[in-house]
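One structure below.
So that the names make sense, note that chain A is the first sequence line, chain B the second, and so on, each numbered from 1. Atom set for the values below is all heavy atoms of this structure, side chains included, hydrogens, waters and symmetry mates excluded.
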Amino acid sequence: MQNKLFIYNSLSKQKELFKPLHAPFVGLYVCGPTVYSDAHLGHARPAITFDLLFRYLTHLEYKVRYVRNITDVGHLENDADEGEDKIEKKARFEHLEPMEVVQKYMNTFHKNMEQLNTLHPSIEPRASGHIVEQQELIKLLIKKGYAYETNGSVYFDLLKYNEKYKYGKLSGRVLEEMQSNTRTLEGQDEKHNSFDFALWKKATPEHLMRWPSPWSDGFPGWHLECSAMSTKYLGDEFDIHGGGMDLQFPHHECEIAQSTAALGKESVKYWMHNNMITINGQKMARSLGNFITLDELFSGKHKLLTQKYSSMTIRFFILQAHYRSTLDFSNEALQAAEKGLTRLMKALETLRKLKPSESSTVDIKKLREKCYEAINDDLNSPILLSFLFEGVKYINSVNEGVDKLNSADIESLRNLLETFIFEILGLKSEKEIDIDKPFIDDLIDAILNIRQIIKLNKDWSTSDKIRGELNKIGIIIKDKKEEVDWEIE
RNA sequence: GGUCGGUUAACCGAGUGGUUAGGUAGCGGUCUGCAAAACCGUUUACGGCGGUUCGAAUCCGCCACCGACCUCCA
């Protein structure tokens, strides 16, 4: 199939036809999580956005190497926490080793990502496992004159870089303006300029996470890991770098500076950024009390949630908006998504039972074209979904005898819908995931509540019949004076 | 204060210089023991004020509001 995929490049601020550097191979790097707390909604957006991209590129038969890092190296906080990094802070609070905290939240992250049905990256490198690579990059930058050491810490010389390369092309920042309106922060005296950023930081005595280096016992600067690991696994130049819009500045801008200075050329061809998620119109923040983790969403245990939402509902909801738009979560919107998803999935079941006619009254080939047009247009999943719902309408309509489909078109429609829904959008049947303990509890309770009414009517044979049927499938009913207990055999 | 983005009907959310986005909800009907599902029909729009145009919600300007980012946190 001819590739007509256009993606919006944050660098050029326009949609560009995607052409891999070395087809059929595609290199994709996405900024992953910092594992110091539970995964939340903010993690779901980029994970699903770039999972969609990964799935679609794979569908187009590209050989994709998808690299997503885990940031497990503590970095300094700039607020009142005075040199204590986030992972350490959490470690003291929970009386755990820093790496124990990392492991715990990495496990949670992986569990949540599986629940959201995101595919595993090809490589998931950890910053702590690439200290050597990061140090080598620092050495190279010092050698080339783009970095300097002060008191055991190493900083990137942005002014020097700006002489040869233009800094700020991704975020639109101008260095001169930054210089004039930067606020004064503590510990800046080590730097030649306030906007220089750390490549290596000397660790304070309390700092637990530290590694030896030619400059000091310390730890790498945050921006460094992505430059070092993307180069290691994808080469000097690769196709796509993704991440949240909030990372555009300073993180990605600094990455560009580091990589360009070290390699003498730009390493990323397409930059893609997903937009943020708001809750009831507000940004998500712990201080606002609207911070919702994925586990809370899946269980419904949060004061802002009126019910639990399945991971597929969350995925579907995120796909119903375009990745570059902000997305607002609310119970009302999630419930709408839940019902929409149910409708979509039910149609697939109906499709399997559809009786073919001699001829067709709807154009499946046209529908297929429209679906590809939508996804090719910068992954326009909401438009794609609207066309898939057109397919749903065909199915129900044929089922009602209003429209007709011949057997070839039924097969074609089934192939089309299953390809897009399961393979590309990564949705799956709710049934596979909803059969959990609470669901069964509710189910049995519903049956037993009805049985209580039957018992009140003294319809003993029916009530015994229910007890017998449940017994056959391994559910034991224990009738008591006031209530009914049950257990699974 | 600076940079960038947004404001679409009850809710979420696409899109386009003139033609139904879609989902959910509402209303009327078909079907139905009841309900659900489904089908048919249908009601609420493009923040405000100007301008360009035969025509703008879509382009331009101003205003209002909202959001993200503004460096050593990741």
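- Counting non-hydrogen atoms under 4.0 angstrom, A/Asp196 reaches a base of the nucleic acid.
- Heavy atoms of A/Phe389 sit under 4.0 angstrom from primed sugar atoms or phosphate atoms, though from no base atom.
- Looking only at atom types and distance, the side chain of A/Tyr165 has no donor-acceptor partner in the side chain of A/Lys160 under 3.5 Å away.
- B/rU43 sits 12 Å from B/rA21 when the P atoms are compared, rounded to a whole Å.
- The list of ring pair (Phe, Tyr, Trp, His ring centres under 6.0 Å) pairs with a residue in residues 312-338 of chain A, not counting sequence neighbours, reads A/Phe317-A/Phe329.
- The listed nucleotides are B/rG2, B/rC12, B/rA68; the one nearest the side chain of A/Asp328 is B/rC12.
- Nucleic acid contact for A/Ala333: sugar-phosphate only, since backbone atoms but no base atoms lie under 4.0 Å from a heavy atom of the residue.
- For A/Asn380 and B/rG15, the shortest distance from a side-chain N or O to OP1 or OP2 is below 4.0 Å.
- Mapped onto RNA chain B by nearest heavy atom, A/Leu247 and A/Asp403 fall at different nucleotides, with A/Asp403 at the one closer to the 5' end.
- Residue A/Phe387 is classed as having no contact, given no heavy-atom separation below 4.0 Å to the nucleic acid.
- Heavy atoms of other residues, nucleotides or ligands lying less than 6.0 angstrom from NZ of A/Lys465 number 12 at most.
- Distances were taken from every side-chain heavy atom of A/Ser330 (C-beta onward) to each of B/rG13, B/rA10, B/rC12; the shortest belongs to B/rC12.
- Atoms NZ (A/Lys404) and P (B/rC39) sit 19 Å apart, rounded to a whole Å.
- One atom, CZ of A/Arg324, and another, P of B/rC4, lie 17 Å apart when rounded to the nearest Å.
- By the 4.0 Å N-to-carboxylate-O rule, A/Lys139 lies close enough to A/Glu136 to be salt-bridged with it.
- A distance of about 9 Å separates the C1' atoms of B/rG18 and B/rA56, rounded to the whole Å.
- The distance between atom OH of A/Tyr394 and atom C1' of B/rG22, rounded to the nearest whole Å, is 13 Å.
- At the heavy-atom level, A/Arg343 lies under 4.0 Å from the strands shown only through sugar-phosphate atoms.
- A distance of about 14 Å separates the P atoms of B/rU58 and B/rG50, rounded to the whole Å.
- In the set B/rC69, B/rA38, B/rA14, B/rA38 carries the atom at the smallest distance from any side-chain atom of A/Glu400.
- For the pair A/Ser325 and B/rA14, the criterion of a side-chain N or O lying under 4.0 Å from OP1 or OP2 is met.
- Comment: A/Lys366 does not engage A/Glu390 in a salt bridge, judged by the lack of any side-chain N to carboxylate O separation of less than 4.0 angstrom.
- Taking 4.0 angstrom as the limit, A/Lys339 places none of its side-chain polar atoms (N or O) nearer than this to OP1 or OP2 of B/rG23.
- Residues A/Lys393 and A/Asp403 are not paired through a salt bridge, judged by the lack of any N-O separation under 4.0 Å between the basic side chain and the carboxylate.
- You'll find that the side chain of A/Phe249 is closest to B/rC70, out of B/rC70, B/rC39, B/rA21.
- Projected onto RNA chain B by closest heavy-atom contact, A/Val392 and A/His322 fall at different nucleotides, the more 5' of which corresponds to A/His322.
- Residue A/Leu327 is classed as a sugar-phosphate contact, given heavy-atom separations below 4.0 Å to backbone atoms only.
- When the C1' atom is compared between B/rA14 and B/rC63, the two are found 27 Å apart, to the nearest whole Å.
- Checking B/rA21, B/rC39, B/rG13 against every side-chain atom of A/Ala321, the shortest atom distance belongs to B/rG13.
- Helical stems involving RNA chain B, defined as 3 or more consecutive Watson-Crick or G-U pairs under 3.5 Å, span B:1-7 with B:64-70, B:10-12 with B:22-24, B:26-30 with B:38-42, B:47-51 with B:59-63.
- Taking atom P in both B/rA9 and B/rC46, the straight-line distance is 8 Å, to the nearest Å.
- Both tests do not hold together for A/Arg68 against A/Phe50: distance to the six-membered ring centre under 6.0 Å, angle to the ring axis within 45°.
- The NZ atom of A/Lys393 sits 9 Å away from the C1' atom of B/rC39 (whole-angstrom rounding).
- Taking atom P in both B/rG61 and B/rU52, the straight-line distance is 15 Å, to the nearest Å.
- Across all strands, A/Thr350 comes closer than 4.0 Å to no nucleic acid atom at all (heavy-atom distances).
- Annotation: B/rG26 and B/rC59 have their C1' atoms spaced 36 Å apart (nearest Å).
- The listed nucleotides are B/rA14, B/rA10, B/rC39; the one nearest the side chain of A/Asn396 is B/rC39.
- As rounded to the nearest Å, B/rG51 and B/rC65 have P atoms that lie 24 Å from one another.
- Under 3.5 Å, the side chains of A/Gln307 and A/Gln335 contain a donor-acceptor pair of N or O atoms.
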Distance-only check: which donor-acceptor pairs under 3.5 Å involve side-chain atoms of residues 244-259 of chain A, not counting sequence neighbours?
unit_1	atom_1	unit_2	atom_2	d
A/Gln248	NE2	A/His273	ND1	3.1
A/His251	ND1	A/His223	ND1	3.0
A/His251	NE2	A/Glu255	OE2	3.2
A/His252	ND1	A/His273	NE2	2.8
A/Glu253	OE1	A/Leu170	N	3.3
A/Glu253	OE1	A/Ser171	N	2.7
A/Glu253	OE1	A/Ser171	OG	2.5
A/Glu253	OE2	A/Gly168	N	3.4
A/Glu253	OE2	A/Lys169	N	3.4
A/Glu253	OE2	A/Leu170	N	3.4
A/Gln258	OE1	A/Ser227	OG	2.8
A/Ser259	OG	A/Ser227	OG	3.2
A/Ser259	OG	A/Glu255	O	3.2

